[in-house]
Peer 1: 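Handing you this structure, nothing more for now.
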Amino acid sequence: MKCPLCGAVALIHDTRDPPDSYKGQTTAIAAVTGDVFPACGESTRDVAVSNRVMRQMRGFSKQVNTAIVVS
Ligand SMILES: [Zn+2]
């Protein structure tokens, strides 16, 4: 697989817990697996992984908004 940005073929399969922040609150999205092109930093993820990340981000922002309303 080639990088869509720079055409490099080197690829690292990697699992991370990337941080997400919303209204000053931060969390980590657990166990996000993807392929990273070290040449330019571009990364790709499975659709299933991307969907899970988006769901977690949405859930986190909802949680933050709820906390703000309560306090
Ligand atoms: Zn690249």
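Order of appearance sets the numbers: ligands from 1, and atoms from 1 within every ligand. We're numbering straight along the sequence, starting at 1. Being a predicted model, the structure only gives us computed values, none of them experimental.
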Peer 1: Under 2.8 Å from the Zn ion (ligand 1), which protein N, O or S atoms are there? Could you list them by chain and number?
Peer 2: Cys3 SG, Cys6 SG, Cys40 SG

Peer 1: Checking Ala28 now: which residues fulfil side chain to side chain contact (heavy atoms under 4.5 Å, CB included) with it, not counting sequence neighbours?
Peer 2: Asp17

Peer 1: Please check if any side-chain donor atom of Ser21 sits under 3.5 Å from a side-chain acceptor atom of Thr26, or the reverse.
Peer 2: no

Peer 1: Please identify each residue that fulfils side chain to side chain contact (heavy atoms under 4.5 Å, CB included) with Thr44, with sequence neighbours left out.
Peer 2: Met1, Asp35, Phe37

Peer 1: Only pairs under 3.5 Å count here: list side-chain donor-acceptor contacts from residues 52-64, not counting sequence neighbours, and write none if there are none.
Peer 2:
{"from": "Arg52", "atom 1": "NH1", "to": "Ala30", "atom 2": "O", "distance (Å)": "3.1"}
{"from": "Arg52", "atom 1": "NH2", "to": "Ala30", "atom 2": "O", "distance (Å)": "3.3"}
{"from": "Arg52", "atom 1": "NH2", "to": "Ala31", "atom 2": "O", "distance (Å)": "2.6"}
{"from": "Ser61", "atom 1": "OG", "to": "Met57", "atom 2": "O", "distance (Å)": "3.0"}
{"from": "Ser61", "atom 1": "OG", "to": "Arg58", "atom 2": "O", "distance (Å)": "3.0"}

Peer 1: Step by step, would you call Glu42 with Val36 a side chain to side chain contact (heavy atoms under 4.5 Å, CB included)?
Peer 2: CA-CA 6 Å; Glu42 175 71 353; Val36 179; over 6 Å; no

Peer 1: Would you compute the distance between atom CG of Asn51 and atom CZ of Arg45 and round it to the nearest 0.5 angstrom?
Peer 2: 11.0 Å

